[in-house]
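Have a look at the structure below, then the notes.
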Amino acid sequence: MPLPVELCYDVADPYAVRLSIGAPSTPSVDWVFARSHLLEGVRRPAGIGDVAVIPRHRCDPEAVRLLLRTRTGAALLAARAAMVMGFLRRSEALVPPGTEHHHVDLDRLIDSLTAGSE
């Protein structure tokens, strides 16, 4: 069944991608996972835990599949491989893989982790 889905990348969180899944009459549900899983998953199975990325297969060479798991169930989504690859190219133009650490604001991160600890 078709669902509105959006992949998002934010330079402020350079290691992650966000997958927003929504239906016309409901609020979206967001899944945040490592961009490296998506990068690897377009070539070979990647990811452990809640999100797994499964590359193109001879049965459906135009799709990359995302397996989303919770304690109560699982969903298998298929996205056009060309769209996923385009998204990844755009994210790599913003932050090339291996340079993510240059975009992390450690002071802000430490402040948020220690807020209220006084």
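When reading the values below, keep in mind they use all heavy atoms of this one structure, side chains included, and skip hydrogens, waters and symmetry mates.
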May I have the step-by-step check of side-chain contact (heavy atoms from CB on, under 4.5 Å) for Leu19 and Leu38, ending in yes or no? CA-CA 11 Å; Leu19 175 71; Leu38 194 57; over 6 Å; no

Over all atoms of both residues, closest heavy-atom pair of Val11 and His103: CG1-ND1, 3.5 Å

Do Met83 and Leu94 land in one hydrophobic cluster if side-chain heavy atoms of ILVMFWY residues count as linked below 4.5 Å? no

Is the side chain of Arg35 donor-acceptor paired with the backbone N or O of Tyr9 at a distance under 3.5 Å, no angle test? no

Can you list, pair by pair, the side-chain donor-acceptor contacts under 3.5 Å of residues 39-54, counting residues two or more places apart and other chains?
{"from": "Glu40", "atom 1": "OE2", "to": "Arg44", "atom 2": "NE", "distance (Å)": "3.4"}
{"from": "Arg43", "atom 1": "NH1", "to": "Leu39", "atom 2": "O", "distance (Å)": "3.1"}

If we ignore hydrogens and angles and just use 3.5 Å, is the side chain of Arg65 paired with the main-chain N or O of Pro55 as donor and acceptor? yes

Among the clusters formed by ILVMFWY side chains lying less than 4.5 Å apart, do Leu67 and Val32 turn up in the same one? no

Would you call Leu68 and Ile21 a side-chain contact if the rule is heavy atoms closer than 4.5 Å? yes

Arg90: partners by salt bridge (Lys or Arg N to Asp or Glu O under 4.0 Å), with sequence neighbours left out: none

Indicate the atoms forming the closest heavy-atom contact of Trp31 with Arg69, along with that distance. CH2-O, 3.4 Å

Could you tell me which non-hydrogen atom of Arg56 sits nearest to which non-hydrogen atom of Pro61, and how far apart they are? CD-O, 2.7 Å

Quick one: does any side-chain atom of Glu62 pair with a main-chain N or O of Asp60 as donor and acceptor, under 3.5 Å? no

Assigning hydrophobic clusters by single linkage (Ile, Leu, Val, Met, Phe, Trp, Tyr; side-chain heavy-atom cutoff under 4.5 Å), is Leu76 placed with Val17? no

Count I, L, V, M, F, W, Y as connected when their side-chain heavy atoms are under 4.5 Å apart, and connections chain through other members. Are Val64 and Met85 then in the same cluster? yes

